[in-house]
Amino acid sequence: MHLLSASCVGALLISALLCQAAAGLETVSGLYGETLVIPCNNGAIKAEDVFITKWKYDDKEGRAGDLLVRQKGQNASISATDEYKGRVSMAANASLLLSAAKLTDQRKFTCMVVAGADISEYPVNVVIYKAPAGLKISDQADELEIGKLTKLGTCIAHHANPAANITWLKNNKPLMADGEGISIHTSVFVDQDTGLSTTSSTLEYSAKKEDSDAQFTCSTQHVVGTELVSSPVSMTITYSTENIVLQVIAQEPLVEGDNVTLKCMADGNPAPTSFNFHLKGELVKVENADNYTITNVSRDTTGEYKCSLIDDPSMEASKDVTVQYLDINLNPSGNIVKRAEEALDLTLQIDSSGESKVSWTKDNVKLDKAPKFTKLVYSDSGSYECEVTMGLLSRRASFELVVEGAPVIRQLSKRLDKDGQHKVLICEAEGSPRPDVFWSINGTVLDEGHFINGKITHKISVVPSANLTVSCTVSNSFGVDTKAINVSSLIEEVRMDKQDQSDDSDQTKLVVGVVVGLLIATLVIGVAYWAYSRKSKQGSWKTGEKECGSSEEEKKLEEKVEENSQKAEV
């Protein structure tokens, strides 16, 4: 086999084409291995005018060699004795048929025609093409090192004419040699027997980190046939570790009793498989793994942790691990029993790793503020719960408060029932435990009352037939209290109501009569006084004694009138 550079082969082919064009020869192309049809005078020969048609060729030394001849009305006679024997024939239109075309057939063929007294020759130049038999990347590298120019592989295009031109591609984008990160070397091998060329192209490539998933291919576009593209290849990109990261894997929040995993990640390829873990002063070496798990963490686990490469301890990463904790202590707690009017000191201690919030409820109802008991009352009894939260953590504590004391009757009252036939007695009391209620009279219990916040209301319905004094007694284990109320009979109340109405009417009539009588008496006395005064004045002119006596009587009369006038006003 002959080894020629692609540029040399291309130059020879271009030179031959230029020479053919300069000579003005007709050129016919054919495909390697197929039957080639070479027309005589471009197919313009009229068979009825031709007496003799002859085909010949130029051999390697430029001498003419006969192939076959045909006289008018006869079959063609083959005169070839060399490589064309058995491969040539003539078509009806005088075209030369050349089977199993070879690269050696790339020469000049001449058609000689005798028509009458004229002899004409029509030379034809023949070019044979062959597309590559295939395209494949061989000698593929196992891995590429970042920043180092390394042979990636060789792309081979077999048995072509002319020699194939090969293009390298990364992710379907052409690569161009730049003398630094990309270097491409191409060579052409020519088969001595067939004359076909095999092109080899070697790519040297300096990889980058982003080439880890890159796909490399090679392609060729021949003058005949479709574009050929090789199967893609991927490379393992190797590079030293430049960065290391420590990752903390744990549930959120990380609380005491949980597990935490430390994972060391390095960007080298191949990645490191062994690491050093620095656990708060303790060094742990881990082989063939990139993680280490700390179980059952506590608040003492909180701190800084590191990991490093075994073969390069200076390459390290660190991470803080924080174990969240929240402890509360409510004092007192559980069931608490206190006497009314006593004080209850309540303390809540919080130990946490961060800021916390406190909320309180009483009997599942939210309170505006924390309970404070300086003087206990019965309404303070109930179920209390506090919730302390810190982020996603929460703790609860509770106590049940019971305020006890001797019962006290706060109010004892009565009222007439709606039907007017019964009287309702109401006894309202406080105390704890729940007081028992007793009445000094039998009656129908209307409502024994709910015991709420140390209070109870007890109601009975009675029909008293006489005036009574009824008492209500309440008692529990701490004491007794009694109160009484006067209850009149329903019959007496009806009689008294009627008497009150009659007395009111008679008194009204009497008052009106007295007022009218007094007014009339005052009027009569006034008239009499006026007449008497007039008569007295007339008599006084006669004697002085009568005048004096008349004055005393007049004074008494005036006093009487004044008295009656005052009574009339009343």
Side-chain angles (χ1 to χ4, degrees), residues 5-7 132-158 160 163-189 198-222 226-247 249 262-276 286-291 307-319:
S5 67
S7 60
L135 203 59
K136 182 180 180 181
I137 297 177
S138 61
D139 298 331
Q140 178 182 337
D142 294 331
E143 59 186 35
L144 298 178
E145 184 177 351
I146 285 183
K148 182 179 179 180
L149 197 63
T150 305
K151 177 182 176 181
L152 185 147
T154 300
C155 182
I156 301 177
H158 292 279
N165 291 320
I166 295 176
T167 300
W168 282 94
L169 304 98
K170 183 184 79 171
N171 296 332
N172 295 324
K173 293 183 178 179
L175 294 174
M176 303 297 293
D178 57 11
E180 295 180 0
I182 301 175
S183 179
I184 301 174
H185 303 282
T186 303
S187 59
V188 177
F189 299 87
T198 297
T199 302
S200 297
S201 180
T202 300
L203 171 64
E204 291 181 334
Y205 187 77
S206 178
K208 304 178 181 62
K209 281 187 179 180
E210 55 267 26
D211 294 329
S212 297
D213 298 324
Q215 290 188 332
F216 294 86
T217 56
C218 60
S219 69
T220 183
Q221 177 65 64
H222 203 263
T226 59
E227 181 184 15
L228 295 178
V229 180
S230 70
S231 298
V233 295
S234 297
M235 299 293 152
T236 299
I237 310 300
T238 62
Y239 47 90
S240 301
T241 298
E242 297 178 355
N243 297 290
I244 186 171
V245 176
L246 178 61
Q247 182 180 8
I249 303 173
L262 305 176
K263 184 180 179 66
C264 203
M265 298 179 295
D267 62 355
N269 191 30
T273 57
S274 300
F275 296 91
N276 289 325
V286 177
E287 299 281 356
N288 300 319
D290 61 358
N291 61 83
C307 72
S308 63
L309 299 180
I310 291 180
D311 56 353
D312 185 6
S314 64
M315 186 73 67
E316 68 175 15
S318 63
K319 196 78 171 182

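Between the T220 side chain and the N165 main chain, a donor and an acceptor come within less than 3.5 Å of each other. Between the side chain of Y205 and the backbone N or O of L144, no donor-acceptor pair lies under 3.5 Å. In terms of modelled atom types and a separation under 3.5 Å, the side chain of N171 and the main chain of K173 share no donor-acceptor contact. Of the possible polar contacts, one joining the D211 side chain to the K208 backbone as a donor-acceptor pair under 3.5 Å is found. S212 places no side-chain N or O within 3.5 Å of a backbone atom of E210 that could act as its donor or acceptor partner. Checking side-chain atoms of S201 against main-chain N and O of C155 turns up no donor-acceptor pair under 3.5 Å. Without hydrogens or angle criteria, D267 side chain to N243 main chain gives a donor-acceptor distance under 3.5 Å.
Contact annotation: the side chain of I156 approaches that of S138 to within less than 4.5 Å [non-hydrogen atoms, C-beta and beyond]. L149 places a side-chain heavy atom less than 4.5 Å from the side chain of S183. The shortest side-chain heavy-atom distance between C264 and N291 does not fall under the 4.5 Å cut-off. Residues E227 and H222 form no side-chain contact, since every pair of their non-hydrogen atoms from C-beta on lies 4.5 Å or further apart. No side-chain heavy atom of T167 sits less than 4.5 Å from a side-chain heavy atom of C218. Contact check for Q215 versus K170: no side-chain heavy atoms found under the 4.5 Å cut-off. Considering only heavy atoms from C-beta on, I137 comes within 4.5 Å of W168 through its side chain.
Salt bridge K209/E242: present, at least one basic N to carboxylate O contact under 4.0 Å.
The 12-atom threshold is not exceeded at CG of D213, counting heavy atoms of other residues, nucleotides or ligands nearer than 6.0 Å. The number of heavy-atom neighbours closer than 6.0 Å to NZ of K151, taken from other residues, nucleotides and ligands shown, is above 12.
A pairwise comparison of heavy atoms in I182 and D178 identifies N-OD1, 2.9 Å as the closest pair. Taking all atoms of both residues into account, the shortest heavy-atom contact from L135 to A157 is CD1-CB, 3.5 Å. When every heavy atom of Q140 is checked against every heavy atom of S234, the shortest pair comes out as NE2-O, 3.4 Å. Shown here for A266 and T241, the closest heavy-atom pair between the two residues is CB-CG2, 3.7 Å.
Distance CG/D290 to CZ/F275: 6.0 Å, rounded to 0.5 Å. One finds the OG atom of S219 at 9.5 Å from the CG atom of N172 (value rounded to the nearest 0.5 Å). In this structure, CG in L228 is found 12.5 Å from OG1 in T217, a value given to the nearest 0.5 Å. The distance from atom NE2 of H158 to atom OG1 of T198, rounded to the nearest 0.5 Å, is 6.0 Å.
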Passes side chain to side chain donor-acceptor pair (under 3.5 Å), S274 versus E287? Steps please. CA-CA 5 Å; S274 300; E287 299 281 356; 2.8 Å; yes
Quick one, S187 with T199, criterion side-chain contact (heavy atoms from CB on, under 4.5 Å). Give me CA distance, side-chain angles, the key distance, then yes/no. CA-CA 6 Å; S187 59; T199 302; over 6 Å; no
Checking E143 against M235 for the side-chain contact (heavy atoms from CB on, under 4.5 Å) test, could you report, in this order, the C-alpha distance in whole Å, the side-chain angles of both residues, the deciding distance, and whether it holds? CA-CA 5 Å; E143 59 186 35; M235 299 293 152; over 6 Å; no
Assess whether side-chain contact (heavy atoms from CB on, under 4.5 Å) is satisfied between N276 and L309, documenting all intermediate values. CA-CA 6 Å; N276 289 325; L309 299 180; over 6 Å; no
The test is side-chain contact (heavy atoms from CB on, under 4.5 Å); show your working for F216 and L175 and say whether it passes. CA-CA 10 Å; F216 294 86; L175 294 174; 4.2 Å; yes
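Side chain to side chain, T202 and T154 meet the donor-acceptor criterion of an N or O pair below 3.5 Å.
Checked against side chain to side chain donor-acceptor pair (under 3.5 Å), S308 has the following partners two or more places apart in sequence or in another chain: H278.
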